[in-house]
Amino acid sequence: MNIPVNIPMNLKDPSVLTGRAYYDGQWRDGDGGRNFEVTNPASGKVIAEVADCSAEQAAAAIDAAYAAQKSWAGLLASERCAMVAELGRLMVEHADDLGAILCAEMGKPFAEARGEIIYGASFLEWYAEEGKRIYGDTIPAAAKGKRIIVLKQPVGVVASITPWNFPNAMITRKIAPALAAGCTVVARPAKLTPLSATAIAVLAERAGFPAGVFNLITSSSASSIGKEFCSNPKVRKLTFTGSTEVGRVLMRQCSDDIKKLSLELGGNAPFIVFDDADLDAAVEGAMGSKFRNAGQTCVCANRIYVQKGVYEAFAEKMVMRMQSLHVGDGFQEGINIGPLVDMDAVEKVEEHVNDAVEKGAEVMFGGFRHTLGGSFYTPTLLTGVTQAMKVAKEETFGPVAPLFSFDTEEEAVQMANDTEFGLASYFYSRDIGRCLRVAEALEYGIVGVNDGLPSTAVAPFGGVKQSGLGREGSKYGIEDFLEVKYLSLGGI
Ligand SMILES: NC(=O)c1ccc[n+]([C@@H]2O[C@H](COP(=O)([O-])OP(=O)(O)OC[C@H]3O[C@@H](n4cnc5c(N)ncnc54)[C@H](O)[C@@H]3O)[C@@H](O)[C@H]2O)c1
Ligand SMILES: O=C[C@H](O)CS(=O)(=O)O
């Protein structure tokens, strides 16, 4: 595996690299030289051995971030933001290399992986500008001889924990606003995908970030590093992207010293097709939302509700379009559905399909593990799905499109909202009154109206209910890395 980006890794042999952690401006091995392995999901082959850092090393990284934070915040916003912009530029310059690394460690088809690099860079580009527009307030005083000034100041040291499914963009969506605001960061990527994060550290070093400003802890021990992040008083904010289950654990762990929290958690997105929809547009939207990253995104359509009058036509059109889904190794030309990240993911998808069929659903397309074996799964369309099935209640996180039918708008909204999650939702209709009624009634942080792919750096991404706290992207995304300070000036 020839990793093109100059990641400081000791080549043990042409197939296995050794990655290191990066903190206080130095590349570091794991405690006692310990490493953990990274495998390519398509082949199952080991492609790298990466520094397996300890909680003590995480504490050292936090110390470095703490030591660097005041001088980092003391730079002009334009000086900080110039480095944030340079990191984004370097990511775009190396998009092919970074895409290859991402495809190798996560399995995402190369074109999609490269697209994630551009998406990830867009957060750096966006916050390189937003960071120069952090405005405070003056407020008319409530008493004579006084003045009121409101300042916004960086929170301080930020700890970041991210998932495997977007190993580049979930990191930049956090570090871009944090760094632009004047915070310093200690980031821990998922054990399955440390190489993309390592490449970001390589480019951050090249972009000129001072020692201690951006720090990377690679580790196989999520909980011990997480406990250090949550308990260390020098960490003033934890930003987490991952499952609701883990988010709940981290929220409890951060409560002892009341750390600021951003939580981007699980989803269970409804996708509603009304009988007045542009059916072809609805099919395209469903295909894009459902099968992106082989269904492994937090905003994938998890439940597809189709009004009875167009149900058969929609199902037939979906079957036709699914013929264009080609499963295989993400490095091969023409492949748009890569392997699932691991066998646990396959087993969960299989459990959901089998449960639905046992409870009366029918398989119109796929419904089985792919003949390639390993963690490849055939894109699947189920009809006759009901709210009693697991696919209605749990995030499938795989290439399974379950079609539910409904009669009325009220019934569709009720079923769509019948979940503890509230991240993304979608519906297709050409009736403006219906669009406004349904958009207002859906209990979600994101509503795609005739749009299956809403994600962008310029808009606020995040959920309600058990899908999380806070927003990432847009002008809102930097507020979570700022404290509001009220100055009351007397004796004027
Ligand atoms: N809302 C969003 O923006 C968003 C984006 C991507 C993924 N997700 C969600 O993430 C989940 C899939 O990702 P995943 O499988 O990596 O999630 P996960 O919660 O299992 O792991 C996420 C990260 O947390 C770490 N982690 C796990 N247990 C921990 C602990 N006890 N203490 C500290 N860290 C711990 C993992 O190593 C990983 O780095 C799905 O539920 C998906 O919906 C949400
Ligand atoms: O699943 C993780 C990402 O948040 C999905 S998106 O690319 O931001 O839509």
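Just so you know, ligand 1 is whichever comes first in the structure, and atom 1 is the first atom listed for that ligand.
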Pairing of Glu350 and Arg369 as salt bridge, 4.0 angstrom limit:
yes

Side chain to side chain, Tyr23 and Val186, heavy atoms closer than 4.5 Å:
no

According to the ring pair (Phe, Tyr, Trp, His ring centres under 6.0 Å) rule, which pairs have a member within residues 246-271, sequence neighbours left out?
Phe271-Tyr426, Phe271-Tyr428

Expected output: side-chain Asn417 to main-chain Ala441 donor-acceptor under 3.5 Å
yes

Excluding sequence neighbours, so at least two apart, what forms side-chain hydrogen bond (donor to acceptor under 3.5 Å, both in side chains) with Lys317?
Asp280

4.5 Å side-chain heavy-atom contact, Val185 and Lys174
no

Decide salt bridge (charged side-chain N to carboxylate O under 4.0 Å, His left out) for Lys260 and Asp480; before the verdict, give the C-alpha distance in whole Å, the side-chain angles of both, and the deciding distance to 0.1 Å.
CA-CA 8 Å; Lys260 277 178 87 88; Asp480 281 352; 5.9 Å; no

N/O to N/O under 3.5 Å, ligand 2 against protein:
unit_1   : atom_1 : unit_2 : atom_2 : d
ligand 2 : 1 (O)  : Asn165 : ND2    : 3.1
ligand 2 : 1 (O)  : Cys298 : N      : 2.9
ligand 2 : 4 (O)  : Arg173 : NH1    : 3.2
ligand 2 : 4 (O)  : Arg173 : NH2    : 3.3
ligand 2 : 7 (O)  : Arg292 : NH1    : 3.0
ligand 2 : 8 (O)  : Tyr119 : OH     : 2.7
ligand 2 : 8 (O)  : Arg173 : NH1    : 3.0
ligand 2 : 9 (O)  : Arg292 : NH2    : 2.7
ligand 2 : 9 (O)  : Ser455 : OG     : 2.5

Nearest heavy-atom pair of Pro41 and Ser375: which atoms, and what distance?
O-OG, 3.7 Å

Can you list, by chain and residue number, every protein residue with a non-hydrogen atom closer than 4.0 Å to ligand 1?
Ile161, Thr162, Pro163, Trp164, Asn165, Met170, Arg173, Arg188, Ala190, Ala222, Ser223, Gly226, Phe240, Thr241, Gly242, Ser243, Val246, Leu250, Glu264, Leu265, Gly266, Gly267, Cys298, Glu395, Phe397, Leu423, Phe461

Crowding at NZ, Lys475 (>12 non-hydrogen neighbours, <6.0 Å):
no

